[in-house]
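Comments concern the structure below.
Residue numbers begin at 1 in each chain, while the letters A, B, ... track the order of the sequences.
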There are 2 protein chains.
Amino acid sequence: MNQLEIIDMVKGKGFKITPQRRAIIEALFFFEKPPTAKEVLEIVRKKHPEISLDTVYRNLNLLAEIDCLIQINLKNSETSRFEIIKNHHHHLICLGCGEAVCLESCILDRHMGVLREKGYQIVGHAFEIYGYCPACRTAG
Amino acid sequence: MNQLEIIDMVKGKGFKITPQRRAIIEALFFFEKPPTAKEVLEIVRKKHPEISLDTVYRNLNLLAEIDCLIQINLKNSETSRFEIIKNHHHHLICLGCGEAVCLESCILDRHMGVLREKGYQIVGHAFEIYGYCPACRTAG
DNA sequence: TTATTAAATAGGAATATTCCTATTTGGAGG
DNA sequence: CCTCCAAATAGGAATATTCCTATTTAATAA
């Protein structure tokens with residue numbers, strides 16, 4: 001998913017495109033690792049010095065709700081990170097180094113049908129596995 | 001899983017049993033709905049008026065790490081809730097009323113084998129589906 | 001029982017995240 | 001182009017959660 005596709009998605013759901021929102025979406029593509037909300041703020045402030053942290057959080061949450069972004073909450077009390085969804089997938093997150101390893105398939109699919117039949121409307125989901133990668137395991 | 005089993009689990013992992021820790025574990029069984037950290041604090045303070053919120057959080061996190069507890073993070077910005085694990089399972093959480101519907105099977109099992117073979121050590125996981133239950137859906 | 005030590009605690013500071021409110025603005029329709 | 005209004009914003013307050021440090025204590029072994 002690229003910037004334009006995300007913007008179309010936002011419009012399609014009936015939300016407005018503001019300069020701040022556009023800048024936040026742009027910023028998300030600058031990073032190699034999924035950024036924190038603060039890191040996004042720093043980038044966006046170059047164009048919009050007055051933007052508030054709340055606006056960043058609000059937009060990140062919106063993007064997560066419409067399934068353009070996933071919020072990664074490490075258990076080891078690092079602050080949350082936000083990653084653009086390219087192909088929909090989930091992660092194994094290493095508690096040692098924070099590396100997020102992609103899992104191939106989306107496990108939600110199995111449940112979707114059953115839940116829909118029961119009358120539930122699904123708007124999002126989170127699935128994370130916590131553990132240690134081989135390197136951190138060796139290092140102790 | 002009952003109180004004694006949890007205490008054994010804690011001991012088994014090499015952690016100490018303090019009066020505060022024991023009281024927190026007891027308290028978790030008082031609630032009908034998974035409580036927030038503050039709600040746990042209130043109960044525990046009846047026996048330990050001086051206990052700190054940090055101690056509650058620290059112990060809840062510990063119990064979650066050793067898989068005796070799951071932390072439920074609603075997306076609608078309600079504060080986190082903590083639920084004793086009886087049979088291991090996951091939830092669908094309604095964004096309207098906060099109801100947590102249990103899913104029968106643990107979806108992690110499919111991935112466990114593959115990850116272990118690759119040398120990963122898994123210590124925990126989280127899987128949550130966010131949406132609306134039939135009642136809230138009708139209510140708009 | 002006593003000594004020892006790593007783990008746990010209390011309390012307050014620091015940080016992360018969300019809420020609140022007055023104000024601004026995107027975009028639809030005339 | 002204008003008008004209009006729901007949605008979005010800034011800024012600061014409120015809350016949730018974690019961190020830090022000096023002190024206490026559970027559990028082990030002598």
Side-chain angles (χ1 to χ4, degrees), chain A residues 7-25 27 34-42 44-45 47-66 69-82 95 98 126 140, chain B residues 6-25 27 34-42 44-45 47-66 69-82 95 98 126 130 140:
Chain A
I7 288 177
D8 283 346
M9 185 84 96
V10 172
K11 283 182 186 167
K13 297 277 182 180
F15 299 104
K16 296 175 180 174
I17 302 298
T18 65
Q20 293 94 332
R21 178 163 290 166
R22 190 184 296 270
I24 289 168
I25 294 172
T36 65
K38 265 195 173 176
E39 288 168 348
V40 173
L41 182 74
E42 284 172 22
V44 176
R45 282 222 161 135
K47 281 192 179 178
H48 298 271
E50 77 297 340
I51 198 173
S52 74
L53 188 52
D54 182 49
T55 296
V56 173
Y57 273 110
R58 203 165 359 85
N59 277 284
L60 293 177
N61 286 335
L62 175 69
L63 292 174
E65 276 168 22
I66 66 175
L69 196 68
I70 14 177
Q71 176 170 356
I72 303 175
N73 295 305
L74 292 177
K75 288 286 179 186
N76 60 352
S77 79
E78 204 190 303
T79 173
S80 299
R81 294 182 169 274
F82 300 86
L95 294 180
Chain B
I6 291 180
I7 288 177
D8 283 345
M9 185 84 95
V10 172
K11 284 182 185 168
K13 297 278 182 179
F15 299 106
K16 296 176 181 174
I17 303 297
T18 65
Q20 294 92 331
R21 178 162 290 165
R22 190 184 296 269
I24 289 169
I25 293 172
T36 64
K38 265 195 172 176
E39 288 167 347
V40 173
L41 182 74
E42 285 171 22
V44 176
R45 282 220 161 135
K47 281 192 179 178
H48 298 272
E50 76 298 338
I51 198 174
S52 74
L53 188 52
D54 183 48
T55 296
V56 173
Y57 273 111
R58 202 166 359 86
N59 277 285
L60 293 177
N61 286 334
L62 175 70
L63 292 174
E65 276 168 24
I66 66 175
L69 197 67
I70 13 178
Q71 177 169 356
I72 303 175
N73 295 304
L74 292 178
K75 288 285 178 186
N76 60 353
S77 79
E78 205 191 301
T79 173
S80 300
R81 294 183 169 274
F82 300 86
L95 294 181
Y130 305 103

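- Phosphate proximity of dT17(D) to S80(B): present, with a side-chain N or O under 4.0 Å from OP1 or OP2.
- Rounded to an integer number of Å, the gap from N59(B) CG to dA10(C) P is 9 Å.
- Separating the CD1 atom of I24(A) from the C1' atom of dT9(D) is a distance of 10 Å, rounded to the nearest angstrom.
- Toward the 5' end of DNA chain C, the nearer of the two residues T55(B) and L53(A), judged by each one's closest nucleotide, is T55(B).
- Contact check for L63(B) versus F82(B): no side-chain heavy atoms found under the 4.5 Å cut-off.
- One can place NE2 of H48(A) at 13 Å from C1' of dT25(C), the figure rounded to the nearest angstrom.
- Closest to the side chain of E50(B), from the set dT17(D), dA10(D), dG11(C), is dG11(C).
- Using a 4.5 Å heavy-atom cutoff, the side chains of K13(A) and L62(A) are not in contact.
- Judged by closest nucleotide on DNA chain C, K38(A) is the one of D54(A) and K38(A) placed further toward the 5' end.
- Rounding to the nearest 0.5 Å gives a distance of 7.0 Å between CD of E42(B) and CD of E39(B).
- Rounded to whole Å, atom C1' of dA8(D) lies 14 Å from atom CG of L63(A).
- When the side-chain nitrogen and oxygen atoms of Q20(B) are compared with OP1 and OP2 of dT25(D), none of them lie within a distance under 4.0 Å.
- Looking only at side-chain heavy atoms (C-beta outward), Q20(A) and V44(A) stay at 4.5 Å or farther from each other.
- Each end of the helix from dT1(C)-dA30(D) to dG30(C)-dC1(D) gets its own axis, taken as the rotation carrying the C1' atoms of four end pairs onto the next four within a five-pair window, and the two axes meet at 50° to the nearest 10 degrees.
- Summarising the geometry, atom CZ belonging to R21(B) is positioned 7.5 Å from atom CZ belonging to R58(B); distances are rounded to the nearest 0.5 Å.
- Atoms OH (Y57(A)) and P (dT15(C)) sit 13 Å apart, rounded to a whole Å.
- Considering every non-hydrogen atom in both A27(B) and V40(B), the closest pair reads CB-CG1, 4.4 Å.
- Here NZ of K16(A) is found 14.0 Å from NZ of K11(A). Values are rounded to the nearest 0.5 Å.
- Residues from residues 8-19 of chain A placing a heavy atom under 4.0 Å of any atom in DNA chain D, listed by number, are F15(A), K16(A), T18(A).
- Minimum interatomic distance between I66(A) and V10(A) (heavy atoms only, all atoms of both residues): CD1-CG2, 3.7 Å.
- The interatomic distance linking N61(A) (CG) with dA8(D) (C1') rounds to 14 Å, in whole Å.
- Atom CG of N59(B) sits about 4.0 Å away from atom CD1 of I24(B), to the nearest 0.5 Å.
- One interatomic measurement links the two molecules: CD1 of I7(B) to C1' of dA27(D), which rounds to 15 Å at whole-angstrom precision.
- As rounded to whole Å, 12 Å separates atom P of dA16(D) from atom CG of L41(B).
- Base contact: R58(B) has a heavy atom under 4.0 Å from a base atom.
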